[in-house]
Amino acid sequence: MAPEMIPIDGESSKKRVCYFFDSDVSGFHYGPGHPMKPTRIRMCHSLVMNYGLYKRMEIFRAKPATKREMTQFHSDEYVDFLSRITPLNMNSYMKEQHKYNVGDDCPVFDGLFEYCSISAGGSMEGAARLSRDKCDIAVNWAGGLHHAKKSEASGFCYVNDIVLGILELLRYHQRVLYIDIDVHHGDGVEEAFYTTDRVMTVSFHKYGEFFPGTGELRDVGIGKGKYYALNFPLRDGISDESYKSVFEPVIQQVMESYDPGAIVLQCGTDSVSGDKLGCFNLSMRGHANCVKFVKSFNKPLLLLGGGGYTMRNVSRCWAYETGLAAGVELGADIPMNEYYEYFGPDYELDVRSSNMEDMNTPGYLDRVKNIAFEHLRHVGGPPSVQMTDIPRVPIDELMDDPDADEDLIPPDERRPQRLLDARRQAEGELSDSDDEGEGGRRNQASHKDRDNVPLASGRKFGAAVGIMSTGSTHGVGPSVATVATVAPPVTAKPPAALSNAGSSNQSDMDIDDGTSVALSAGAQSKEGSSPANGMDVDQPSAPPPASDA
């Protein structure tokens, strides 16, 4: 049975979604016992592809960020240090490791700089596409590393892709709103924009003897940025209802007071129930409700990943939220994919809340909410910004004409894979034969009885087929691929199986030219025995009927 995608009612228009994924990201490993596991991003991508969401959005493999692009926020010395250090030479950089806080939470591993480049490149290119009106929503689950500082790694984060993405958005938009629903405070992003009114940061997080120890209610910004940093400290065990009761009214008031030109939403899933490092009790749907609510404002939206350390729950949440961005709600049953065993024993998409006690009383939430509203009253309307000519940066050349070389491709050659991956399927575009097993065929008939009337439209032929054809990467060592200094424009490189998605599912067992049966039957007749099942050896056997499994 094909995986289910239910269109969301009440959406005025379909959103153009750009989705960024780099298959190399799953090859990096922080080290044994470390809770941060980049494989979770590939697990999410496997669900996205096998649910069929790739038909509803453009898929890109972003150009990795260069050292020059990273230094738009980070210091030159820090970026140079990240590009040089490896597990082999780390003993020569003991002083620098202490200076830049690299070691325990933020270990040195093979391919560290390449990993940072992939994360930052997706967020920057997503922001660039939003600014140029090439899409309405950009998704980069490899991003959202909100703890990294200008010259310091922190909380598993080395390069702050969020700040780099916001800086790109600020080139075109007067005001940008940053919302953080990670269980940890988004301290790196808040610190970067603490003195400006062009970026408003809003963070809902656990506060009190909890990393990173910042994000108090009274931290509101300084100078021109005073009251443009909003923190909502929460206690353990917050439920869907309690979270919704504060998130929606606060964000509604922020939108009315600040009127941003674009929104960046950090969707850390360590706020979901059952996380190894989190202490909240949100269900998958409670977490995704935040995405749905922010999307409803119809502003350019950059969706980023973040925390999340129970991999099966992280991938479920982000796949479901990718579906919401594309305008569909994913069905309950998880389709077959390369990580299918991770989702047992129920193999369902939903992540439910536990019976954890909610320490956030209604009185406490109301009190904090009223203080937050008081801070927002000081904003007094959106600040005016004098815009100037947009400065040129290297990514502009990429965005101006991403398909500059397309006209040079000989007409008799196959289109590049990146052009095929960037194509979205229109409603009703495919014929019956092309769309078999995805929503039911219009003219179905039983292969057992050719004279049967067509079956009911609810019957579906064809099992869900995993689009990800590669084997599991569990246990595979870090990638050693180096970043090219000049990458081709907007290269999209989803799994190779995408190019074979239209191939037949018929196995070798379904093909029979009659030769083998005739030979075996002839051998039996030489021995004086009759052909099996009374088959005439002079007639080639008919191929077996195609399976409807």
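This structure is a prediction, so every number in the text was calculated from the model and none was measured.
Atom OG of residue Ser203 and atom CG of residue Asn231 lie 5.5 Å apart, to the nearest 0.5 angstrom. Atoms CG and OG, on Asp358 and Ser242 in that order, are 4.0 Å from each other to the nearest 0.5 Å. Here the CG-OG distance, from Leu164 to Ser123, works out to 8.0 Å after rounding to the nearest 0.5 Å. Taken from OH in Tyr228 to CD in Glu190, the straight-line distance is 15.5 Å, to the nearest 0.5 Å. Note: Phe73 CZ to Glu69 CD = 15.5 Å, rounded to the nearest 0.5 Å. The CE atom of Met43 sits 11.5 Å away from atom OG of Ser26, with the distance rounded to the nearest 0.5 Å.
A salt bridge links Asp80 with Arg84: the closest approach of a Lys/Arg side-chain nitrogen to an acidic carboxylate oxygen falls below 4.0 angstrom. For the pair Arg316 and Glu321, the salt-bridge criterion is not met [side-chain N within less than 4.0 Å of a carboxylate O]. Taking 4.0 Å as the cut-off between side-chain N and carboxylate O, Lys99 and Glu152 do not count as a salt-bridged pair. Salt bridge status for Glu168 with Arg132: present, with a side-chain N to carboxylate O gap under 4.0 Å. Salt bridge absent: Asp136 and Lys299 never bring a charged side-chain N and a carboxylate O closer than 4.0 Å.
The two residues Arg352 and Glu348 have their closest heavy-atom pair at NH2-OE1, 3.0 Å. In terms of heavy-atom proximity, Leu265 sits nearest to Cys290 at CD2-O, 4.3 Å. Here the shortest heavy-atom pairing between Trp318 and Gly305 reads CZ2-CA, 3.5 Å. Summarising the geometry of Asn50 relative to Pro3, their closest heavy-atom pair is O-CG, 3.1 Å, with the distance given to 0.1 Å.
Using a 4.5 Å heavy-atom threshold, the side chains of Val220 and Leu230 count as separate.
Side chain to side chain, Tyr178 and Asp180 meet the donor-acceptor criterion of an N or O pair below 3.5 Å. A donor-acceptor contact closer than 3.5 angstrom is absent between the side chains of Ser92 and Asn89. Asn281 and Ser239 share no side-chain donor-acceptor pair at under 3.5 Å. No side-chain donor from either of His287 and Tyr320 sits under 3.5 Å from a side-chain acceptor of the other.
In this pair, Tyr309 and Phe156 present their aromatic rings perpendicular. The plane angle is above 60°, beyond the 30 to 60° band. Ring planes of His147 and Phe211: perpendicular class, angle over 60° (limits at 30 and 60°). Ring geometry, Phe247 versus Tyr243: the interplanar angle falls under 30°, so the pair is classed parallel (tilted spans 30 to 60°). By the 30° and 60° cut-offs, the orientation of the rings of His205 relative to Tyr207 is perpendicular. Tyr158 and Tyr30 have tilted rings, their planes meeting at an angle from 30° to 60° on a 0 to 90° scale.
The six-membered or imidazole ring of Phe210 lies near that of His184, with a centre-to-centre distance under 6.0 Å.
Applying the 6.0 Å contact sphere to CG of Asp346 captures more than 12 heavy atoms from other residues, nucleotides or ligands.
Because its NZ or CZ atom is not both nearer than 6.0 Å to the ring centre of Phe20 and within 45° of the ring axis, Arg61 does not count as a cation-pi partner of that residue. A cation-pi contact links Arg129 to Phe60, judged by a cut-off of 6.0 Å to the six-membered ring centre and 45° from its axis.
With Ile137 as the partner, the side chain to side chain contact (heavy atoms under 4.5 Å, CB included) test is satisfied by one option alone out of Leu130, Thr322, Leu303: Leu303.
At distances below 3.5 Å, not a single donor-acceptor pair connects side-chain atoms of Asn313 with backbone N or O atoms of Thr310.
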